[in-house]
Protein chains: 2
Amino acid sequence: MVDHPELPDLDALDRRILRALQVDASQSLDEIARQVGSSKTPVWNRIRKLREAGVIRRQTVILDPQALGLGTCFFVLVRTSEHEAGWQQRFLAALRERPEVLEAHRLAGEVDYILKVRVPDAKGYDAFYQALIRDVRIFDVTALLSMEEIKETTALPL
Amino acid sequence: MVDHPELPDLDALDRRILRALQVDASQSLDEIARQVGSSKTPVWNRIRKLREAGVIRRQTVILDPQALGLGTCFFVLVRTSEHEAGWQQRFLAALRERPEVLEAHRLAGEVDYILKVRVPDAKGYDAFYQALIRDVRIFDVTALLSMEEIKETTALPL
DNA sequence: GCTGAAAAAGACTGTTC
DNA sequence: GAACAGTCTTTTTCAGC
């Protein structure tokens, strides 16, 4: 599980394997081999290499946020006036620490950062927001509340 | 794998199991049992129930977008003037069809939708954008380009 | 690099406490 | 419910092509 040893050239079989794994990673090697039109050993060798190359980062379960009492999702647009290294360090550290922040991107353009945050309810968001602005100075925050998840996938197009 | 048979009450052990699975779903039952301070049989029974109840939705692999030539990520804010059922149907169908759309939410407030889109490069985004506005009439689109992924997790806080 | 087989590990079932 | 033991599937390794 090295970071990026080399950029691997993926052939059609590799891609078919990755596609099958993205759909369901609990399938047996036999099933995957059948689906991709190959057999056990080559599929196994390729999966091992894709893992080592870091193309496959990890294997995980996707949970239902509703069932876990995290039914509320916000996208948060953050503008800041501060751009020194010290401020950014603290801001990034704060985001990484907070488990309700599922995604954080630094952006090009007017908006500096976007966050995806999952909380139990609006009150939970407010608590997160208050804690965040206590930690770091922020110029402007716009919270976009998700009313409905139209689509949600981890599957990259291959 | 039923949709939502009943809302299950999760106890501390369930949560520890889910936490372990979110970190690494390829671990053996024995490993998980050891981590959560239990043993094989109860852990297995609970995982089966969590699956059936839909708390565990699926098991998948997380791939490296860079390695697959999808290094460019946009968040797209969509405003529309049209709110009839027919338009919305076509819009949602268009989003669901397009594999480069990884997430789509309907929002409360001024911005109507937010999309997360992964493409090879800016040109790829333009192709997506042109195709989208050809399919459905959209009032206003703002594309936010991600410069850096600060954080990216599928793990819900438990 | 593939095939096929054999060994090792782990998942799943049922019976008992 | 949980422990245990047994079976059966799947993973993993390896020799031969």
Side-chain angles (χ1 to χ4, degrees), chain A residues 1-64 67-69 154-155 158, chain B residues 1-64 67-69 154-155 158:
Chain A
M1 206 81 72
V2 191
D3 262 331
H4 283 283
E6 72 270 352
L7 301 175
D9 291 298
L10 305 175
D11 66 9
L13 181 55
D14 289 321
R15 286 172 187 275
R16 283 202 296 276
I17 293 170
L18 293 174
R19 226 175 278 139
L21 286 175
Q22 284 194 129
V23 171
D24 181 2
S26 74
Q27 295 172 102
S28 73
L29 277 178
D30 273 328
E31 285 175 273
I32 293 168
R34 194 185 43 72
Q35 277 180 49
V36 303
S38 181
S39 56
K40 235 157 75 170
T41 310
V43 169
W44 192 83
N45 281 321
R46 279 157 183 266
I47 290 177
R48 191 177 45 74
K49 278 189 187 143
L50 290 165
R51 252 188 242 283
E52 283 166 6
V55 176
I56 297 174
R57 282 187 175 161
R58 56 210 190 77
Q59 188 163 331
T60 191
V61 290
I62 304 299
L63 306 182
D64 180 359
L68 295 160
T154 57
L158 295 174
Chain B
M1 206 80 73
V2 189
D3 262 330
H4 284 285
E6 71 272 351
L7 301 175
D9 290 297
L10 305 174
D11 66 9
L13 181 54
D14 289 321
R15 287 173 186 273
R16 283 203 295 277
I17 292 169
L18 292 174
R19 227 176 278 140
L21 287 174
Q22 284 194 128
V23 172
D24 181 1
S26 73
Q27 295 173 100
S28 74
L29 277 178
D30 274 328
E31 285 175 273
I32 293 167
R34 194 186 42 74
Q35 275 180 49
V36 303
S38 181
S39 57
K40 232 159 83 166
T41 312
V43 170
W44 192 83
N45 281 320
R46 279 157 183 267
I47 290 177
R48 191 177 43 75
K49 279 190 188 143
L50 290 165
R51 252 187 244 283
E52 283 164 8
V55 178
I56 298 174
R57 282 187 176 160
R58 56 210 189 77
Q59 189 163 331
T60 191
V61 290
I62 304 299
L63 306 181
D64 180 359
L68 295 160
T154 57
L158 295 174

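FYI, side chains are in, hydrogens and waters are out, and symmetry mates aren't considered; it's all heavy atoms of this structure. Quick note on labels: first sequence line is chain A, next is B, and so on, each numbered from 1.
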Asker: Any idea which of C:dA11, C:dT3, D:dT12 is nearest the A:Trp44 side chain?
Answerer: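 Output: D:dT12.
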Asker: In whole angstrom, give the distance that lies between atom CD1 of A:Ile32 and atom P of D:dT12.
Answerer: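 Nearest whole value for this atom pair: 11 Å.
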Asker: When the nearest nucleotide of DNA chain D is assigned to A:Glu31 and to A:Arg48 on a heavy-atom basis, which residue is associated with the more 5' position?
Answerer: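 Between the two, 5'-proximity favours A:Glu31.
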Asker: In whole angstrom, what separates A:Arg51's CZ from D:dT12's C1'?
Answerer: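 Computing the A:Arg51:CZ to D:dT12:C1' distance gives 13 Å.
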Asker: Report the residue (A:Asn45 or A:Lys40) whose heavy-atom-nearest nucleotide on DNA chain C is the more 5′ of the two.
Answerer: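 Checking each residue's closest nucleotide, the 5'-ward one belongs to A:Asn45.
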Asker: Counting heavy atoms from C-beta on, name the nucleotide in C:dA11, C:dT3, D:dT11 closest to the side chain of A:Ser39.
Answerer: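 Nearest listed nucleotide: C:dT3.
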Asker: Rounding to an integer number of Å, can you tell me how far A:Leu13 CG sits from C:dC2 P?
Answerer: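 The answer, rounded to whole Å, is 7 Å.
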Asker: B:Leu21 has an atom CG; how far is it from atom C1' of C:dA11, in whole Å?
Answerer: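 It works out to 14 Å between those atoms.
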Asker: Mark yes or no for whether B:Gln22, through its side chain, and B:Arg19, through its backbone, hold a donor-acceptor pair below 3.5 Å.
Answerer: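 Here the side-chain-to-backbone pair does not exist.
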Asker: Dot-bracket for DNA chain C, please. Rules: Watson-Crick or G-U, both distances under 3.5 Å, ( ) within the strand, [ ] when a pair crosses earlier ones, | for another strand, . otherwise.
Answerer: ||||||.||||||||||
Asker: Using whole Å, what does the distance between atom P of nucleotide C:dG10 and atom CG of A:Asp30 come to?
Answerer: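 Rounding to the nearest Å, CG of A:Asp30 and P of C:dG10 are 18 Å apart.
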Asker: Calculate the interatomic distance between A:Ile47 atom CD1 and C:dC2 atom C1'; express it in whole Å.
Answerer: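 Taking atom C1' of C:dC2 as the reference, CD1 of A:Ile47 is at 16 Å.
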Asker: Is there a donor-acceptor contact under 3.5 Å linking the side chains of A:Asp24 and A:Ser26?
Answerer: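 Checked: A:Asp24/A:Ser26 side chains pair up, N/O donor to acceptor below 3.5 Å.
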Asker: Is any side-chain N of the basic residue among B:Arg46 and B:Asp11 closer than 4.0 Å to the acidic one's carboxylate O?
Answerer: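 The answer is yes: the pair qualifies as a salt bridge.
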Asker: Examine distances only and state if a side-chain atom of B:Arg51 and a backbone atom of B:Arg57 form a donor-acceptor pair shorter than 3.5 Å.
Answerer: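 A pair under 3.5 Å: no.
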Asker: Decide whether B:Gln35 and B:Gln27 meet the rule of one side-chain donor and one side-chain acceptor closer than 3.5 Å.
Answerer: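 The answer is yes; a qualifying pair exists.
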Asker: If you look at every strand shown and take non-hydrogen atoms under 4.0 Å, does B:Leu29 touch a base, only sugar-phosphate, or nothing?
Answerer: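 Counting heavy atoms under 4.0 Å across all strands, the contact made by B:Leu29 is with sugar-phosphate only.
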Asker: Could you tell me the separation between the CD atom of B:Gln27 and the C1' atom of C:dA11, rounded to a whole number of Å?
Answerer: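 The distance from CD of B:Gln27 to C1' of C:dA11 comes to 15 Å, rounded to the nearest Å.
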Asker: Say whether, by atom type as modelled, one donor and one acceptor occur between the side chain of B:Arg15 and the main chain of B:Leu158 under 3.5 angstrom.
Answerer: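 Flag not set: sc B:Arg15 to bb B:Leu158 has no pair under 3.5 Å.
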Asker: Rounded off to whole Å, could you give me the CG-to-C1' distance for the A:Asp11 and C:dC2 pair?
Answerer: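 Between C1' of C:dC2 and CG of A:Asp11: 14 Å.
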Asker: Indicate whether any N or O donor in one side chain lies under 3.5 Å from an N or O acceptor in the other, for A:Thr154 and B:Arg58.
Answerer: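 There is such a pair between these side chains.
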Asker: Would you say the side chain of A:Thr41 and the base of C:dG1 hold a donor-acceptor pair, judged only by whether the two atoms sit under 3.5 Å apart?
Answerer: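 No.
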